[in-house]
Structures are given as structure tokens and as C-alpha cells.
Protein chains: 2
Amino acid sequence: MDSFGQDSEISKATVARLPAYLRFLKEVASRGSWYVSSAAIAEALGVSAVGVRKDLAFVSSQAGKPKRGFEVNTLISDIEKFLGYDERTAVVVVGAGRLGKAILLYEGFEHFRIDVVAAFDISPEKIGAVGGKPIYPLERLGEIVRRHSVKAGILTVPRESAQRACDAMVEAGIRAILNFAPASLTVPEGVSVRYEDLAASLAMLFGSVPDKNQG
Amino acid sequence: MDSFGQDSEISKATVARLPAYLRFLKEVASRGSWYVSSAAIAEALGVSAVGVRKDLAFVSSQAGKPKRGFEVNTLISDIEKFLGYDERTAVVVVGAGRLGKAILLYEGFEHFRIDVVAAFDISPEKIGAVGGKPIYPLERLGEIVRRHSVKAGILTVPRESAQRACDAMVEAGIRAILNFAPASLTVPEGVSVRYEDLAASLAMLFGSVPDKNQG
DNA sequence: GCTGTATTGATAAATTTTTATCAATTCAAT
DNA sequence: ATTGAATTGATAAAAATTTATCAATACAGC
């Protein structure tokens with residue numbers, strides 16, 4: 001099917017745009033609007049209105065009303081549900097350097113029902129706590145991951161130790177890794193890695209690739 | 001043209017994969033290999049070998065050799081050149097909270113010839129310096145941006161002040177913004193925004209979207 | 001020097017994704 | 001109630017992207 005129904009599988013491109021929709025819709029909601037048109041969303045995000053309608057049809061059964069558009073709050077909750085923001089997710093941080101500590105202190109996660117349960121580091125002087133979150137030695141990773149059923153981890157170690165830390169995470173049972181180290185990681189089948197490369201992100205901003213819509 | 005020559009315009013999708021190639025190629029180089037095959041790259045990154053060859057043909061004029069593959073170091077320098085890593089880029093950080101400070105201390109940028117020239121904050125008690133980088137009051141943004149010909153900025157203020165800070169950056173002459181605030185920004189034509197939404201990134205990791213290849 | 005094989009680069013096909021068009025619908029205004 | 005305008009959802013067309021196939025090539029081993 002290639003219509004607005006959600007018959008076919010949702011596309012990766014659509015999923016990648018959902019967080020942008022969500023951000024914008026919350027902005028709209030906070031300004032007090034009850035309805036929003038696909039054209040308004042498209043305008044703000046720099047994409048086409050038809051594309052917006054198709055994307056929304058995938059994740060929401062709400063039919064838009066002619067002359068009004070879509071109910072903002074319904075869209076928000078449908079997207080959040082689709083993205084899994086309606087369930088709590090436990091994550092760990094591996095690497096308690098500057099960036100790792102910043103993440104421990106980041107308040108933004110609570111908003112998305114993400115619990116950072118602990119951080120881990122290899123060097124003894126980092127052990128302790130930051131922002132009320134404990135920092136354990138790396139040896140305890142498996143124990144904590146099992147205890148909290150952690151499925152995802154944020155990797156913030158230096159480049160040199162990235163693969164070793166990654167291996168430890170996989171070994172501990174983590175299935176999804178958000179990697180801030182500028183290193184290429186090798187993982188077994190079934191483990192996902194997402195790279196957050198600040199320098200690369202910056203570089204791509206200039207490459208005349210103005211994509212306001214990625215996640 | 002739809003062949004391996006670089007006649008047609010490079011695709012956005014290809015550009016998005018280049019940083020991943022670069023990471024992997026550096027990994028390969030550091031292991032001492034002189035040649036690498038498209039199949040090896042494809043395997044490591046979870047994409048198709050034909051796609052890898054097409055992508056590489058866009059940014060490198062190097063012909064791969066049958067039975068050997070591509071010269072790793074040539075590929076690296078070609079990709080770096082294409083992505084602009086061979087020229088220095090000055091950036092500023094707006095928002096000197098935990099994350100902003102972590103970015104000031106991040107060493108990874110030097111590797112990509114990115115100079116973080118200064119940070120800015122609205123609250124007087126943040127003024128000073130971190131990691132040898134000055135933190136100025138926001139009022140001086142325009143002055144510093146002009147003096148260093150800064151074209152890009154990293155936004156690390158809280159959600160509530162994101163749009164205001166963004167406006168100040170645009171006003172100061174910044175044309176590309178890497179936004180860490182979980183807020184939807186409105187910018188004039190010609191200004192690019194890239195969103196780095198930690199929570200969204202984490203959420204997408206679970207959505208059975210194992211894309212190891214994005215930037 | 002031959003032979004076999006891995007690997008490339010091209011062409012072509014298939015698939016996915018985006019964009020265009022338009023009748024149908026609902027609200028607002030008269 | 002009727003009219004007009006905005007907006008949707010569907011279908012169709014176009015464009016972009018990925019995947020498949022294969023002859024040509026250069027190296028490795030004999």
C-alpha cells in the first residue's frame with residue numbers, strides 16, 4: 001500500500017522525523033493551540049506537508065479535520081507511545097569523565113521517562129556519585145545491569161578504550177549503545193549502536209545539508 | 001548519470017554515511033592495513049558493498065584495485081577533504097552549564113580542526129574560563145563572532161531559553177547551530193539547525209532501527 | 001607465464017521515498 | 001441554508017536510493 005493507511009511497514013525515514021515532530025508539537029501545545037495543520041508543521045520543519053500527513057498517519061489513527069488540522073495533544077501522545085516514551089527505560093553511563101558526568105546531571109531524561117541508574121568507570125578516583133547517581137567500578141557493570149534489567153547504555157569513554165568498554169557492555173547484556181567516543185565499534189548481531197559524533201555533526205552542518213528533521 | 005563516476009550531485013544519504021566510513025577507515029589504518037575492500041567496509045557498517053563503492057566514488061577519484069581494494073589512507077584524506085576537515089572551523093558554545101562546560105573540555109574537536117573559541121552565558125556567576133576557554137556574557141556574542149568569523153555555534157542552554165539564545169546567535173551572524181536543547185527552534189532562511197536530542201537518540205535505538213551508519 | 005579468484009566499476013532493475021494533483025469534507029461566514 | 005475556503009486523504013507520478021548482475025582486471029599461487 002502506498003496511501004495514508006498504516007498498512008505497510010513504517011519507514012526508517014519516518015521514524016527519524018518523529019522526534020522533530022514531537023518537539024514542534026510540544027512547542028505548539030505550550031503556545032496554547034489545540035489544532036495544528038500539516039502545512040504548519042511542514043513549514044516549521046522544512047519538509048513537505050504531504051510527507052507530514054503520511055508520517056502522521058503511520059503513528060496516529062487520528063483523522064485530521066478539514067479546515068482545522070490535527071489535535072495537537074492526540075498527536076503528541078500517539079508519537080510518544082510509538083517511540084516508547086510511555087514506558088520507563090533504565091540506562092547506564094559507561095565512562096565518568098566530563099561528558100559522562102554531564103549526562104548524569106542532565107535533567108532532560110526524566111521528561112522522556114529515561115532513568116540513568118548509574119555510571120561506571122575504570123579509574124578508582126572516579127568512583128563515588130554525581131547528581132545523586134552512583135559511579136561504580138566497571139567490574140560491577142554486569143551485576144547492576146542484571147539487577148535493573150538495563151538494555152541500553154551511553155558510552156562516554158575516550159577513543160582508545162571505546163572498544164573494550166563496548167565489549168564489556170555487550171558482555172553485561174546491553175543491547176543498545178549510544179556511543180559518544182569517536183571510534184568505530186564492532187558489535188555482535190543483535191546489538192545496535194548509534195554514533196553521536198559532535199565533530200561530524202558540526203561538519204555536516206556546513207556541507208550544505210540543512211536537514212532540520214533528523215533525530 | 002547513475003554510475004560510479006561523480007557526475008551527478010552527491011546524495012544526502014551518502015554524505016550522512018561518510019563520517020561512519022571515516023571512523024571505520026581510521027580504525028583499519030590504526031590496525032596497520034594498507035588496503036581495504038568495499039566488502040569489509042560494508043560488513044563492518046552493516047550496509048551493502050555496492051553502496052559503499054558508489055559512495056566512495058563520489059568523494060574519491062581513487063580507483064580500487066581488483067583483488068586488493070582501496071588504499072586506506074587515500075580514502076581517509078579524500079573523505080576528510082570532502083567533509084571539510086582539512087580547514088579550521090571556529091565555533092562558539094552558547095550556554096555554559098554542565099554540558100557546555102563538558103564541550104569546552106572535549107578534546108575530540110582538535111582532531112577535526114574545530115576551534116571552540118569561547119562560551120557565552122547569561123548568568124554572571126558563570127563568567128570566567130574553563131579549560132583555557134573564556135566564558136563571556138551573552139552580550140559579547142556578536143563582537144566575538146565577528147572578530148573570529150564564527151559561522152557555527154553549539155547551543156546548550158535549557159529548553160526555556162533556547163529560542164532566545166538561538167535568536168541571539170542568528171543575530172550575531174551564526175549560520176549553523178548544533179542544538180542540544182530539547183526544543184524546536186525557529187530560524188530564518190539560510191540558517192541550519194541540527195538537533196542532538198539524547199533522549200530521542202536513545203529512544204530510536206530501541207525502535208528496532210539498528211542503523212549503525214548515521215553520522 | 002598460465003590459471004583461478006577476489007574485487008572492482010558499470011549497467012540495469014527493484015525498491016523506497018518524496019512530491020504533485022485533486023476530489024471530498026468540514027467549518028466559518030453570510 | 002448556501003457559499004467559499006482551508007485542509008485532509010487518496011491516487012498517481014517522479015525522484016532518489018538501494019540492490020542485483022556481470023564483464024573486466026589485476027593479483028596470487030602454481
Side-chain angles (χ1 to χ4, degrees), chain A residues 1-18 20-21 28 33-72 74-75 78 209-214, chain B residues 1-18 20-21 28 33-72 74-75 78 209-214:
Chain A
M1 248 283 192
D2 100 293
S3 75
F4 278 67
Q6 62 275 62
D7 305 23
S8 58
E9 207 56 36
I10 192 163
S11 87
K12 190 169 148 177
T14 293
V15 175
R17 278 187 296 265
L18 292 178
Y21 292 149
V28 169
S33 300
W34 285 86
Y35 285 88
V36 67
S37 72
S38 60
I41 299 173
E43 161 76 16
L45 273 61
V47 298
S48 88
V50 175
V52 170
R53 293 203 291 276
K54 282 202 171 180
D55 287 344
L56 295 182
F58 266 114
V59 297
S60 177
S61 54
Q62 178 197 187
K65 287 188 188 169
K67 197 86 183 209
R68 286 218 157 162
F70 299 86
E71 264 185 49
V72 177
T74 308
L75 284 186
D78 284 348
V209 185
D211 56 338
K212 296 198 289 181
N213 43 300
Q214 43 66 47
Chain B
M1 246 289 191
D2 99 292
S3 76
F4 278 67
Q6 61 276 61
D7 306 22
S8 58
E9 208 55 38
I10 192 165
S11 88
K12 191 169 148 176
T14 293
V15 175
R17 278 186 296 264
L18 292 178
Y21 292 148
V28 169
S33 301
W34 284 85
Y35 285 88
V36 68
S37 74
S38 60
I41 299 173
E43 161 75 16
L45 272 61
V47 298
S48 88
V50 176
V52 170
R53 293 204 291 279
K54 283 201 170 181
D55 287 345
L56 294 181
F58 266 114
V59 297
S60 177
S61 54
Q62 179 197 185
K65 287 187 187 172
K67 199 87 184 198
R68 288 217 155 163
F70 299 85
E71 264 185 49
V72 177
T74 307
L75 284 185
D78 284 348
V209 184
D211 55 339
K212 294 198 291 181
N213 44 300
Q214 42 65 44

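Keep in mind that the numbers below use all heavy atoms, side chains included, and drop hydrogens, waters and symmetry copies. Only a predicted model underlies this, so the values are computations on that prediction, with no experimental measurement involved. Per chain, numbering begins at 1; letters A, B, ... match sequence-line order.
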field: Trace of the side chain to side chain contact (heavy atoms under 4.5 Å, CB included) decision for A:Tyr21 with A:Val59
entry: CA-CA 11 Å; A:Tyr21 292 149; A:Val59 297; over 6 Å; no
- request: Take atom CH2 of B:Trp34 and atom P of D:dC27, then tell me their distance rounded to the nearest Å.
  value: 16 Å
message: In this structure, how many angstroms lie between the P atom of D:dA16 and the CD1 atom of B:Ile10, rounded?
response: 14 Å
message: Of the listed nucleotides (C:dA10, C:dA6, D:dA5), which one gets closest to any side-chain atom of B:Lys67?
response: C:dA6
query: To the nearest Å, how far apart are B:Leu56 CG and D:dT18 P?
result: 13 Å
- line: Ranking C:dT8, D:dT8, D:dT18 by distance to the side chain of B:Phe70, first place goes to C:dT8
Euclidean distance, atom CG of residue B:Asp55 to atom P of D:dA16 [Å, nearest integer]: 16 Å
- request: Please check the phosphate of D:dT11 (OP1 and OP2 only) for any side-chain N or O of A:Arg53 closer than 4.0 Å.
  value: no
field: Whichever of A:Pro66 and A:Ala13 has its nearest DNA chain C nucleotide further upstream toward 5'
entry: A:Ala13
- line: From NZ of A:Lys54 across to P of D:dA13 the rounded distance in Å is 13 Å
Value rounded to 0.5 Å, distance of CZ in B:Arg17 from NZ in B:Lys12: 13.0 Å
query: Base, sugar-phosphate alone, or nothing: which one does A:Ala63 contact when heavy atoms must sit under 4.0 Å apart?
result: sugar-phosphate
- prompt: More 5' along DNA chain C: A:Gly51 or B:Ala49, using each one's nearest nucleotide?
  reply: B:Ala49
task: May I ask you to verify if any side-chain N or O of A:Ser48 is less than 4.0 angstrom from the OP1 or OP2 atom of C:dT19?
output: yes
message: Whether B:Ser38 contacts C:dT7 is assessed here as follows: a side-chain N or O lying under 4.0 Å from the phosphate OP1 or OP2. Is that the case?
response: no
message: What is the distance, to the nearest angstrom, from the CD atom on B:Glu71 to the P atom on C:dT7?
response: 16 Å
message: So, OP1 or OP2 of C:dT16: does either fall under 4.0 Å of a side-chain N or O from A:Ser11?
response: no
statement: With A:Ile41 as partner, the option from A:Asp55, A:Val28, A:Val36 fulfilling side chain to side chain contact (heavy atoms under 4.5 Å, CB included) is A:Val36
Verdict with supporting geometry, B:Phe70 and B:Ser38, side chain to side chain contact (heavy atoms under 4.5 Å, CB included): CA-CA 8 Å; B:Phe70 299 85; B:Ser38 60; 4.3 Å; yes
query: Out of D:dT19, D:dC27, D:dT18, which nucleotide sits closest to the side chain of B:Arg68?
result: D:dC27
query: Going from CD on B:Glu71 to OG on B:Ser33, what distance comes out if it is rounded to the nearest 0.5 angstrom?
result: 13.0 Å
- request: Take atom CZ of B:Phe58 and atom P of C:dT8, then tell me their distance rounded to the nearest Å.
  value: 17 Å
